[in-house]
Q: 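Handing you a structure now.
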Amino acid sequence: MLKLREEEKARQQRLDQLRKQVSVDPVPERIHQDTVASQARKEASSEGLALKALHELRTVLDAEVHRDPRVRLEQQLREAGLLNSEYARHVLSQMHPPREPRKDTISSLFLQESEN
């Protein structure tokens, strides 16, 4: 029992020393200050300069996704509780995309598996 108390006391002393090493004086004004990046963005926008993103985003909008009849059918089947049924699998497998997929997106791996 005495050994446990000594170990606990030594542990607390080590923790107190660590707390002193990493302590930071809280400065309430710093919390509400702008970061360097946000300040640069504000300055650029006030000067009429637009900050350009590092990479151009090439994605689809949610409206484009919802235009696909397969997505709308999947949502309706899900709402009806039929999404995991054999009927839903059959109907969804028979639907074709609104336009044919690009040739470079088709994997030869899946073609080989379906032939076997």
Side-chain angles (χ1 to χ4, degrees):
M1 187 74 167
L2 184 61
K3 186 176 179 179
L4 287 175
R5 286 184 188 168
E6 290 175 5
E7 287 176 1
E8 181 63 27
K9 187 176 180 180
R11 182 175 162 268
Q12 284 300 325
Q13 288 175 345
R14 286 192 309 271
L15 287 173
D16 289 338
Q17 288 174 350
L18 285 172
R19 282 188 195 102
K20 287 178 186 175
Q21 289 176 2
V22 297
S23 68
V24 177
D25 294 328
V27 181
E29 296 84 32
R30 272 187 76 206
I31 295 172
H32 300 289
Q33 287 179 343
D34 291 334
T35 62
V36 174
S38 67
Q39 185 63 34
R41 185 172 291 278
K42 282 182 183 179
E43 289 172 6
S45 65
S46 67
E47 295 172 5
L49 302 174
L51 292 178
K52 187 176 178 183
L54 289 176
H55 304 285
E56 183 180 329
L57 292 177
R58 294 190 177 132
T59 183
V60 294
L61 301 174
D62 60 341
E64 292 175 287
V65 172
H66 290 290
R67 266 187 266 158
D68 188 342
R70 298 172 299 168
V71 172
R72 292 195 310 259
L73 176 62
E74 181 269 339
Q75 287 175 340
Q76 291 172 348
L77 290 168
R78 183 183 303 275
E79 289 170 2
L82 298 172
L83 188 59
N84 293 324
S85 68
E86 191 61 39
Y87 170 74
R89 283 188 199 94
H90 176 72
V91 170
L92 287 170
S93 69
Q94 299 301 316
M95 292 194 73
H96 297 288
R99 62 178 179 238
E100 290 299 317
R102 293 188 340 233
K103 299 263 188 244
D104 62 329
T105 61
I106 299 172
S107 171
S108 61
L109 175 68
F110 297 114
L111 292 176
Q112 291 170 358
E113 288 178 359
S114 64
E115 291 173 358
N116 293 335

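As the structure is a computational prediction, the values presented were derived from the model and not from experiment.
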Q: Can you get from L73 to L82 by hopping between Ile, Leu, Val, Met, Phe, Trp and Tyr side chains that sit under 4.5 Å apart?
A: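 Looking at the clustering, L82 is in the same group as L73.
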Q: Measure the spacing between CZ of R11 and CG of D16 and express it to the nearest 0.5 Å.
A: 10.5 Å
Q: What is the distance from atom CZ of R78 to atom CD of E74, rounded to the nearest 0.5 Å?
A: 4.0 Å
Q: What about M95 and L83, same hydrophobic cluster or not, with Ile/Leu/Val/Met/Phe/Trp/Tyr joined at side-chain heavy-atom distances under 4.5 Å?
A: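 Yes.
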Q: Would you compute the distance between atom CD of Q13 and atom CG of L18 and round it to the nearest 0.5 angstrom?
A: 12.0 Å
Q: Would you say E64's side chain and L61's backbone share a donor-acceptor pair under 3.5 angstrom?
A: yes
Q: Is there a donor-acceptor pair closer than 3.5 Å between any side-chain N or O of T105 and the backbone N or O of P101?
A: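 Checked: no pair found.
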Q: Under 3.5 Å, is there a donor-acceptor pair between the side chain of R70 and the main chain of L92?
A: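 Between the backbone of L92 and the side chain of R70 there is no qualifying donor-acceptor contact (under 3.5 Å).
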Q: How long is the span from the CZ atom in R41 to the OG1 atom in T35, to the nearest 0.5 Å?
A: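 R41 CZ to T35 OG1: 10.0 Å, rounded to 0.5 Å.
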Q: Does K9 pair with E6 as a salt bridge, N-O distance under 4.0 Å?
A: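 Judged by the 4.0 Å cut-off on N to carboxylate O distance, K9 and E6 do not form a salt bridge.
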Q: Does any donor atom in the side chain of Q39 or E43 lie under 3.5 Å from an acceptor atom in the other side chain?
A: yes
Q: Are R5 and E8 ion-paired here, with the side-chain N under 4.0 Å from a carboxylate O?
A: no
